[in-house]
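Here is the structure we will look at.
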Amino acid sequence: MAKQLFDKMLYGGDYNPEQWPREIWDEDMRLFKKAHINSATVNVFSWAKLQPSEQEYNFSELDDIINMLSKENYEIVLGTSTAAIPAWLCRKYPDIMRVDFEGRKQRVGHRHNHCPNSPTFHRFAKRLVSKVAERYGDNPHVKVWHISNEYGGECYCENCERAFRVWVKDKYKTIDAVNEAWNMHFWSHTLHSFDDIFVPNYLGDGISDTAAAYAGLSIDYRRFNSESLLNNFIMEREAIREFDKETPVTTNFMGAYKPLDYFKWAKEMDIASWDNYPGLHTTLSQTNMNNDLMRGVKDGQSFMLMEQTPSQQNWQPYNTLKRPGKMRAQSYQTIAHGADTIQFFQMRRTKGAVEKFHGAVIEHVGHEQTRVFREVTELGKELEQLGDTLIGAETKARVGILFDWDNYWALEYTSGPTVDLRYVDQIQRYYDACYNQQVAIDMIHMDSDFEKYDIVLAPVLYMVKEGIAEKIDAFVKQGGTFLTTYMSGIVDQSDNVHLGGYPGPLRETLGIWVEEIDALAPNSYNSIKTESDLFEKNDYTCMMICDLMHTEGAEVIAEYGSDFYKGMPVVTKNKRGEGEAWYVGAVLEQNMLNELIAQLLDQKGIKGFGPLPEGVEIASRVKDGKEFFFVMNHSDQTHTIETEFEGYTDLLSGEKAQRSIELQSFDVQILTP
Amino acid sequence: MAKQLFDKMLYGGDYNPEQWPREIWDEDMRLFKKAHINSATVNVFSWAKLQPSEQEYNFSELDDIINMLSKENYEIVLGTSTAAIPAWLCRKYPDIMRVDFEGRKQRVGHRHNHCPNSPTFHRFAKRLVSKVAERYGDNPHVKVWHISNEYGGECYCENCERAFRVWVKDKYKTIDAVNEAWNMHFWSHTLHSFDDIFVPNYLGDGISDTAAAYAGLSIDYRRFNSESLLNNFIMEREAIREFDKETPVTTNFMGAYKPLDYFKWAKEMDIASWDNYPGLHTTLSQTNMNNDLMRGVKDGQSFMLMEQTPSQQNWQPYNTLKRPGKMRAQSYQTIAHGADTIQFFQMRRTKGAVEKFHGAVIEHVGHEQTRVFREVTELGKELEQLGDTLIGAETKARVGILFDWDNYWALEYTSGPTVDLRYVDQIQRYYDACYNQQVAIDMIHMDSDFEKYDIVLAPVLYMVKEGIAEKIDAFVKQGGTFLTTYMSGIVDQSDNVHLGGYPGPLRETLGIWVEEIDALAPNSYNSIKTESDLFEKNDYTCMMICDLMHTEGAEVIAEYGSDFYKGMPVVTKNKRGEGEAWYVGAVLEQNMLNELIAQLLDQKGIKGFGPLPEGVEIASRVKDGKEFFFVMNHSDQTHTIETEFEGYTDLLSGEKAQRSIELQSFDVQILTP
Amino acid sequence: MAKQLFDKMLYGGDYNPEQWPREIWDEDMRLFKKAHINSATVNVFSWAKLQPSEQEYNFSELDDIINMLSKENYEIVLGTSTAAIPAWLCRKYPDIMRVDFEGRKQRVGHRHNHCPNSPTFHRFAKRLVSKVAERYGDNPHVKVWHISNEYGGECYCENCERAFRVWVKDKYKTIDAVNEAWNMHFWSHTLHSFDDIFVPNYLGDGISDTAAAYAGLSIDYRRFNSESLLNNFIMEREAIREFDKETPVTTNFMGAYKPLDYFKWAKEMDIASWDNYPGLHTTLSQTNMNNDLMRGVKDGQSFMLMEQTPSQQNWQPYNTLKRPGKMRAQSYQTIAHGADTIQFFQMRRTKGAVEKFHGAVIEHVGHEQTRVFREVTELGKELEQLGDTLIGAETKARVGILFDWDNYWALEYTSGPTVDLRYVDQIQRYYDACYNQQVAIDMIHMDSDFEKYDIVLAPVLYMVKEGIAEKIDAFVKQGGTFLTTYMSGIVDQSDNVHLGGYPGPLRETLGIWVEEIDALAPNSYNSIKTESDLFEKNDYTCMMICDLMHTEGAEVIAEYGSDFYKGMPVVTKNKRGEGEAWYVGAVLEQNMLNELIAQLLDQKGIKGFGPLPEGVEIASRVKDGKEFFFVMNHSDQTHTIETEFEGYTDLLSGEKAQRSIELQSFDVQILTP
């Protein structure tokens with residue numbers, strides 16, 4: 001259930017005054033006020049300043065910053081400063097740094113690269129965070145704790161190896177169980193002792209980020225690594241909680257970031273937050289899937305948009321400016337999908353180092369006479385006017401899409417049948433089909449309550465862990481519509497195949513048996529024939545993966561049109577209990593997929609706002625029984641759309657909507673009855 | 001001479017029951033019988049099971065497997081289990097693992113990665129193999145010893161460095177001779193002691209797999225490495241021979257695999273065997289060249305097809321299924337070129353680890369109601385009926401193509417004139433021209449008896465070692481037709497140029513002098529003009545490499561049509577004694593090359609079955625004076641061909657052939673008078 | 001000012017007789033004479049021969065070589081032999097070898113890879129060079145000292161780390177100053193001690209050759225590394241000067257080679273020299289920019305063409321032959337731009353190792369009956385006839401193009417706005433525009449006397465170091481025409497942004513303010529509109545980078561035609577004092593740039609010889625008040641051009657020129673009134 005943590009939109013961003021002479025601070029205060037900014041994130045990267053040596057701490061500068069912000073009545077997002085290790089500390093305790101996948105010990109440099117199992121890290125980080133929490137924990141302006149920053153990556157050092165052995169022993173108890181789980185008898189890797197376990201990097205059983213000799217081992221190492229970093233988070237949170245029992249704690253996520261199981265993480269956090277940096281080729285639907293995932297990690301609770309750029313990024317290959325109005329539209333897109341805050345990286349553009357070309361509220365020119373500042377100000381004014389209207393509003397979705405980090409890892413470790421099968425891409429195809437209908441989606445996990453949804457989509461549900469098949473079957477029997485695809489039901493939680501025929505434990509629910517899985521070369525296609533009135537045409541194409549399947553009770557909706565499996569089913573529907581279980585046996589052309597999903601929605605009476613012209617989007621949130629419709633045009637063209645919002649009021653302009661709404665480029669309306 | 005080692009086709013494959021609960025073994029026996037399988041390869045990867053610790057051996061499970069197979073009367077291909085190192089052994093004796101080209105010490109992981117010069121490896125491997133041989137050496141069901149598995153790769157560790165210094169000293173005696181051989185005075189790498197020699201990996205004089213500062217050094221290192229691994233093989237063979245004097249010994253090759261000089265290896269083996277895994281773009285001609293090479297390594301003796309997939313691979317980027325009938329046709333293609341066995345990897349599909357998506361006789365579904373099982377069964381039935389008819393049959397080739405690992409290594413180390421010149425590609429072009437005529441080819445080596453052939457083709461004979469030029473000249477003078485190309489006769493066995501004008505020691509035989517070697521940019525061409533009636537047209541093109549040559553007695557067959565060397569010869573023929581020596585000075589378009597080779601064959605009265613429609617192939621083998629014609633259609637279309645086999649009997653169908661034979665997709669006939 | 005160091009053209013090249021048996025030496029002498037060769041470079045790679053062990057030196061062979069060359073009256077270019085380390089020395093003192101960017105310690109191998117800060121290297125190199133200088137320093141045939149060879153690369157070892165800390169301390173005095181300079185407070189990399197400084201390789205704050213976490217640190221490391229190697233050069237030069245006070249000293253450069261600041265280097269050298277190896281795609285203009293840069297490093301003084309190939313290279317991917325006449329034309333092209341010598345790598349083609357396919361005066365065939373030898377001979381004859389006519393001649397340029405290694409490094413380290421922006425490419429675009437007009441260009445540096453020029457072009461003047469803005473402003477005020485572009489005026493010498501608005505300290509001079517910098521995706525364009533009569537059309541395009549700028553006094557010459565910044569200026573001119581300061585805010589299509597530069601030249605009355613047909617080039621040099629016009633056709637077609645050289649004499653043919661000159665492919669004329 002959603003929980004309201006703020007009483008107004010947090011509007012601000014990363015503020016690093018310690019990089020600047022103090023005379024600039026006053027100017028900052030003036031400019032922030034002018035831009036209607038009410039929040040500042042500080043102390044994200046200051047460890048080396050706070051602790052100049054092993055014995056010495058120095059909070060004087062941070063005191064001044066916090067005092068100034070408090071005096072000026074800012075909401076403070078307070079960092080813990082543990083995401084970059086001071087040089088003196090690396091130098092003195094080299095175990096604090098990671099060993100990378102290729103076995104190279106890292107030295108001082110960059111950030112987000114401490115070893116999560118380094119006792120040195122634990123000791124020093126805990127001491128630091130305790131001191132910070134002790135000092136500022138009772139400051140009422142501190143609204144959120146921002147622990148570390150963009151946790152990520154992996155370590156393969158000796159500390160981790162030792163810790164991993166313990167972790168494996170905790171999980172499996174006996175070495176025989178490990179051999180069984182990872183199928184170590186294959187290639188005679190049978191382990192005789194927990195000490196026989198080596199970290200699976202390039203020098204051992206790892207091959208790359210997407211290939212492993214023993215996927216069971218590598219998947220477990222990913223679980224272990226994600227947990228190790230999560231333990232760092234928990235350690236810091238506990239240090240804070242000693243001095244501050246209440247202020248919400250978060251750390252900033254990165255969407256569908258592969259190395260961390262954000263569902264597990266979010267359970268330990270009071271609020272989720274994320275950094276939204278769409279690239280040149282990021283679609284609106286991709287951004288929305290990320291937004292929905294960030295809302296999903298805490299089961300629908302509003303999240304913080306911890307970072308976005310006011311205009312330009314610096315680390316993409318080609319960093320285009322955000323066109324006028326685009327940043328505002330993107331901000332509302334995020335709010336429409338669950339954000340309670342809009343924060344920027346960065347407030348004042350840093351003058352040196354790798355991010356100096358990253359956009360900021362205050363540009364290098366230093367004054368407010370810039371397009372970017374004006375746009376930030378205009379948005380600030382609007383958000384201020386909105387007050388708490390939308391804070392904590394909820395998204396009412398009747399469709400859930402299963403997202404699962406274990407599947408993400410496992411699917412991408414498979415050697416065969418095709419290298420082109422990437423987890424997020426496949427999930428996205430189904431999200432896109434829903435987006436095409438402009439329906440609300442929840443990104444859900446294995447423990448989610450499926451019964452809340454009319455439809456559950458589970459593309460590439462490659463790994464079916466214990467209890468999941470039963471849960472799906474119950475959902476179907478009770479009337480739900482369930483859909484899964486090629487490469488589903490293949491393995492158990494350890495990446496061992498569910499023997500007895502694909503899709504393993506889902507076979508009965510789906511009423512099919514997949515005998516073989518063909519992989520097509522790039523730019524190769526099979527054709528699809530269908531007589532079903534679900535589709536507009538009789539002929540479509542598919543690609544990449546083609547299941548050769550037999551029905552075992554399911555109804556054939558479409559079949560292959562060519563090759564030796566011409567006439568075999570490719571899309572099937574199995575009626576079961578009150579519900580239906582669908583199977584899609586190949587990567588369908590997107591048109592066909594869109595039509596299929598549209599029909600499933602229709603059958604459940606789920607009415608979206610789509611299809612809409614490209615770039616136009618409508619999303620809704622509900623608060624206190626009141627529904628808010630976000631009508632947005634993300635394109636650079638004017639679009640006129642017919643809606644059912646006639647007479648509704650636009651919160652932003654105060655004007656009444658007509659049935660036909662003309663949207664200029666980057667226009668946004670928030671309509672409410 | 002060919003030698004018959006089996007009394008029937010070995011039909012079976014890799015069987016790893018130790019991965020499975022015992023209750024499955026009975027089912028395996030039932031299914032194998034059903035599929036007419038008569039052979040099983042076991043114990044390829046079991047070291048860690050056989051030897052759980054330094055002092056402990058445990059053969060109970062293997063005993064059970066061998067007993068079961070023996071009882072069921074299977075022919076056993078018995079592995080030695082040394083291709084993957086137990087974790088406990090790596091952990092205790094890290095010297096057993098390799099150091100890679102980039103200087104990284106490997107840890108536990110994967111397989112085929114022990115250091116060939118590790119004393120630890122020698123000690124433990126020998127002990128293990130002795131025990132296995134002692135235990136099972138007198139079992140009459142053991143038909144072949146399968147030592148290790150797919151030997152390959154290189155090691156650059158300290159053990160190898162020490163051993164290499166000894167090897168170099170043995171070969172060259174004095175350090176001055178080394179300096180001379182490797183031309184170490186260049187760039188002042190003059191060595192003053194054998195201790196000055198360092199392994200040529202990336203940290204030293206290596207650059208990459210295909211580039212070296214001192215090719216002489218790197219080529220010697222390849223020789224040393226190939227020999228080091230061969231010594232491992234010999235060590236195991238000797239351990240076996242202590243207990244089993246007779247059972248043939250093999251290890252599985254991989255076609256034109258670069259790191260190992262298979263000609264040298266095959267001398268130490270009783271029978272050659274190989275693993276045939278054509279990829280998406282592998283041509284029939286490429287597979288045949290590999291087959292012929294595998295027959296050539298033992299001078300024409302039949303070989304074992306140790307591995308192929310019943311349908312799908314897993315480690316290619318795109319693993320398509322073998323269409324119905326394709327596996328059968330591929331099996332007969334292998335038999336047609338010299339195989340006495342058809343074996344699969346794998347018998348039962350493994351349930352976990354990196355090869356779980358690799359095809360198997362018994363799929364994950366576990367029963368026999370699969371297309372793949374049916375096809376395996378049908379083939380098994382046919383092979384059973386064929387009995388020993390084709391076992392040990394020979395290929396009668398009048399054309400030999402020289403293949404030489406020293407050339408392979410040396411040519412690909414050259415810096416200049418073009419990076420596009422790859423050894424196997426160039427050999428393949430000439431093989432393709434022969435294949436176009438559907439004539440039998442022997443892949444021959446430097447010590448082969450050239451006099452057995454009417455024609456010897458030696459494309460890119462870059463390295464001409466001592467005695468070879470004289471051998472070629474004698475062959476020509478005695479009436480042989482010899483052909484070589486651009487980039488031939490350039491260097492001696494140490495990669496030092498044969499001074500005095502290209503093609504060095506071949507110059508007199510060929511009657512030409514190559515003054516310069518031009519390299520063309522990709523997609524650049526020169527034209528060729530010819531008035532010779534050998535060719536159908538007067539104009540062709542060539543590419544990549546263009547020799548600027550002068551005749552010194554040879555006749556000009558074709559000349560360049562453009563650029564500043566317009567009018568210079570590009571194809572020449574030199575009559576010498578009773579024979580002819582041909583030189584091709586540029587990479588000809590394949591059409592022209594096909595016509596040229598067709599004419600050379602014609603002049604020698606060698607009559608092939610080609611050209612045939614694409615995908616159709618005819619090959620013959622002879623046994624006891626009886627000739628067997630394999631007529632195969634590897635395409636997915638029906639083809640009708642005119643043959644001279646009217647009235648011949650098809651061994652498979654028992655039907656009589658007509659002059660005009662219609663071949664359905666993947667049809668195979670084995671016709672005999 | 002130019003300085004004449006030779007009394008005739010040095011014509012010869014790299015001669016490595018120590019690779020050959022002595023009987024060949026006599027033949028070499030004969031052939032060199034025949035080819036009119038008057039010079040030989042020796043002892044470039046002989047350390048291991050000269051010093052077979054730590055205590056032992058052996059000069060007997062080199063004595064013989066020097067004696068022979070002296071007797072035969074050759075001008076000797078004497079190497080110091082320190083560019084490759086003997087194996088025994090690496091083995092005994094591993095600190096002499098580098099650690100690479102990825103942290104890998106190199107072992108024996110290759111060349112140009114000693115650690116510049118290794119005490120071992122200093123000790124042994126100095127001893128060796130002293131001995132060489134003592135022995136041969138007073139030989140009157142030694143005309144030039146050739147120290148080491150093609151210095152380059154970087155080292156990241158512990159020696160270098162220690163030395164770097166000292167270097168940083170010397171430069172910045174306090175650690176606070178370092179933190180400020182490198183902006184180390186960003187990401188909390190605040191340093192508390194000089195010992196906190198780590199070398200910026202991949203294990204630390206480096207990312208790649210073109211990316212760094214802290215560019216200030218990485219730029220300083222490049223400065224340090226360039227200086228470290230320069231100190232090696234100086235150390236050797238001083239060792240020579242102890243025994244030879246006068247003979248000019250050089251080392252061979254490589255054009256716009258990134259790692260070394262050749263302007264700083266050239267100050268320490270008596271004469272510059274370089275190795276000219278155009279590749280398949282190198283344009284004439286690129287070669288000329290390199291030639292002009294090599295003339296520019298010593299402020300206009302003639303340079304040595306230390307290496308070129310007579311015909312073929314070996315280390316490019318595709319090594320085409322130089323067409324007949326091409327080598328000659330290229331040689332004159334070099335002379336036309338400032339060369340006083342024409343030397344080849346190599347004299348006799350080496351018989352082994354990585355450069356054996358590199359062209360040579362004497363090919364592997366060993367005799368003189370080759371095209372290459374004939375062409376070398378013909379050129380030699382001509383150069384002999386030219387005698388000292390052109391030695392020390394000067395180029396009179398009125399246009400200077402600023403080239404600056406600090407900018408080169410800094411611009412390419414930026415993260416954003418686009419990865420496509422490469423320093424030399426951008427400079428080349430402006431050089432090309434000048435080349436299109438065939439005007440003389442000086443490549444100038446920050447300390448050059450701008451007042452010598454009518455026009456100074458400073459594309460991508462990203463880093464504006466102290467005093468430069470003032471110098472530019474003074475140049476403009478006094479009547480100069482100055483032009484700079486996008487990505488200029490951004491940072492100070494430490495890569496910290498000049499705050500207060502781009503282009504920082506150049507803003508007033510240029511009369512503009514750049515508010516934002518847009519980056520365009522590949523193959524994206526904006527349009528440009530102009531009414532200015534400077535241009536032939538009204539519409540052009542631009543790409544990659546688009547500044548959004550406001551004039552502050554400057555006149556708008558052209559503006560954007562599309563996107564949201566349509567109508568904003570893209571090209572501006574600011575009249576200031578007697579001069580003009582131009583700003584180009586986007587990467588213009590080359591046509592527009594050519595027209596713009598043509599107009600700037602025209603306004604200053606600078607008359608070039610262009611445009612000319614593609615491949616035709618005219619350049620002039622002046623000696624003793626006499627002007628020499630090099631008229632060259634580098635194309636493979638005949639071109640007829642109209643000139644003003646009617647009645648001039650061609651030094652090469654002795655013929656009088658007509659107004660209309662017909663140039664055959666690769667024709668060269670040197671016309672003088």
Side-chain angles (χ1 to χ4, degrees), chain A residues 16 18-20 44-50 52-53 81 83-88 90-91 97 100 102 104-111 280-281 311-321 323-325 349-359 363-367 369-372 636, chain C residues 102-104 181-193 195-207 211-216 413-420 490-491 494-502 504 513 515-522 524 544 548 563-565:
Chain A
N16 305 303
E18 68 277 12
Q19 285 183 52
W20 301 98
V44 177
F45 289 104
S46 307
W47 192 342
K49 279 218 157 185
L50 299 180
S53 70
S81 258
I85 307 299
W88 65 261
C90 305
R91 184 155 58 86
M97 300 302 292
D100 71 11
E102 310 225 1
R104 294 173 294 207
K105 178 74 181 175
Q106 304 300 297
R107 308 176 80 214
V108 171
H110 304 278
R111 53 176 187 164
L280 212 52
H281 303 295
S311 175
Q312 197 164 27
Q313 295 172 56
N314 75 295
W315 49 269
Q316 308 248 12
Y318 306 98
N319 300 280
T320 55
L321 302 171
R323 270 53 200 153
R349 205 154 170 165
T350 184
K351 71 175 201 281
V354 71
E355 293 185 321
K356 68 178 177 292
F357 286 116
H358 195 289
E363 297 275 15
H364 282 139
V365 70
H367 61 53
Q369 305 306 327
T370 65
R371 174 181 76 92
V372 166
D636 52 8
Chain C
E102 310 226 1
R104 295 173 293 208
W182 298 345
N183 200 38
M184 295 302 268
H185 303 313
F186 175 80
W187 284 357
S188 191
H189 278 225
T190 311
L191 305 165
H192 298 96
S193 142
D195 289 341
D196 282 352
I197 296 170
F198 285 63
V199 293
N201 69 353
Y202 188 78
L203 306 182
D205 273 321
I207 297 169
Y214 296 83
Y413 274 133
T414 65
S415 175
T418 165
V419 294
D420 287 348
I490 309 287
V491 299
S494 296
D495 202 57
N496 281 315
V497 171
H498 288 295
L499 299 173
Y502 315 134
W513 166 45
E515 182 181 339
E516 299 182 71
I517 305 170
D518 200 14
L520 275 56
S524 300
M544 202 187 300
L548 277 60
D563 215 328
F564 75 92
Y565 41 92

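In the text below, chain A, chain B and the rest are named by the order of the sequence lines, each starting its count at 1. Values below: all heavy atoms of this structure, side chains included; hydrogens, waters and symmetry mates excluded.
- Once rounded to the nearest 0.5 Å, the distance linking OH of A/Y318 with CE of C/M544 reads 8.5 Å.
- Ring geometry for A/H364 versus C/Y502: interplanar angle over 60°, hence perpendicular rather than tilted (30 to 60°).
- Within 6.0 Å of OH in C/Y202 there are 12 or fewer heavy atoms belonging to other residues, nucleotides or ligands.
- For C/A521, the parts lying near chain A are the backbone and the side chain together; criterion is any non-hydrogen pair under 4.5 Å.
- Taken to the nearest 0.5 Å, the CZ atom of C/F186 stands 9.5 Å off from the NZ atom of A/K356.
- Contact of A/T370 with chain C is made through backbone and side chain together, with heavy-atom distances under 4.5 Å.
- Interface residue A/Q106: backbone and side-chain heavy atoms are both found under 4.5 Å from chain C.
- Going from atom NE2 of C/H192 over to atom NZ of A/K49 covers 8.5 Å, rounded to the nearest 0.5 Å.
- The nearest pair of heavy atoms linking A/N319 to C/A519 is O-CB, 3.3 Å.
- Heavy atoms closer than 4.5 Å to chain C are found in the side chain of A/S311, but not in its backbone.
- The candidate from C/S494, C/S415, C/S193, C/A213 with the greatest count of non-hydrogen atom pairs under 4.5 Å with chain A is C/S415.
- Considering only heavy-atom pairs separated by less than 4.5 Å from chain C, the leading option among A/S81, A/P317, A/G366, A/A87 is A/P317.
- Using a 4.5 Å cut-off between heavy atoms, A/Q369 contacts chain C through its backbone alone, with no side-chain atom that close.
- Each of C/D196, C/T190, C/D195 was evaluated against A/W88; a single residue qualifies, C/D196, per the side chain to side chain contact (heavy atoms under 4.5 Å, CB included) test.
- For the pair A/R371 and C/E515, the salt-bridge criterion is not met [side-chain N within less than 4.0 Å of a carboxylate O].
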Query raised in the report: Which is it for A/R323 and C/D518 under the side chain to side chain contact (heavy atoms under 4.5 Å, CB included) test, yes or no, and what are the steps along the way?
Result: CA-CA 10 Å; A/R323 270 53 200 153; C/D518 200 14; 2.6 Å; yes
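- Judged by distance alone, with hydrogens and angles left aside, the side-chain atoms of A/E363 form no donor-acceptor pair with the main-chain N or O of C/E516 at under 3.5 Å.
- The contact between C/L520 and chain A is made entirely by backbone atoms, counting heavy-atom distances below 4.5 Å.
- Contact count against chain A (heavy-atom pairs under 4.5 Å) is highest for C/H189 among C/H498, C/M184, C/H189.
- Between the C/S188 side chain and the A/A84 main chain, no donor and acceptor come within less than 3.5 Å of each other.
- No part of A/H358 comes within reach of chain C, as not one of its non-hydrogen atoms sits under 4.5 angstrom from that chain.
- Side-chain atoms of A/H110 never come within 3.5 Å of backbone atoms of C/W187 as a donor-acceptor pair (strictly under, hydrogens ignored).
- Interface summary for chain A: among C/P522, C/A181, C/G504, the most heavy-atom pairs under 4.5 angstrom belong to C/P522.
- Atom CG of C/N496 and atom NZ of A/K351 lie 5.0 Å apart (nearest 0.5 Å).
- Taking chain A as the reference chain and counting heavy-atom pairs below 4.5 Å, the highest number among C/I207, C/D420, C/T414, C/L191 is found for C/D420.
- Contacts between C/I490 and chain A at a heavy-atom distance below 4.5 Å involve the side chain alone, from C-beta outward.
- If you tally non-hydrogen atom pairs under 4.5 Å between each of C/N201, C/L203, C/V419 and chain A, the highest count goes to C/L203.
- When each of C/Y214, C/W513, C/Y565 is scored by its heavy-atom pairs under 4.5 Å with chain A, the top score falls to C/W513.
- In terms of heavy-atom proximity, A/L321 sits nearest to C/I517 at CD2-O, 3.7 Å.
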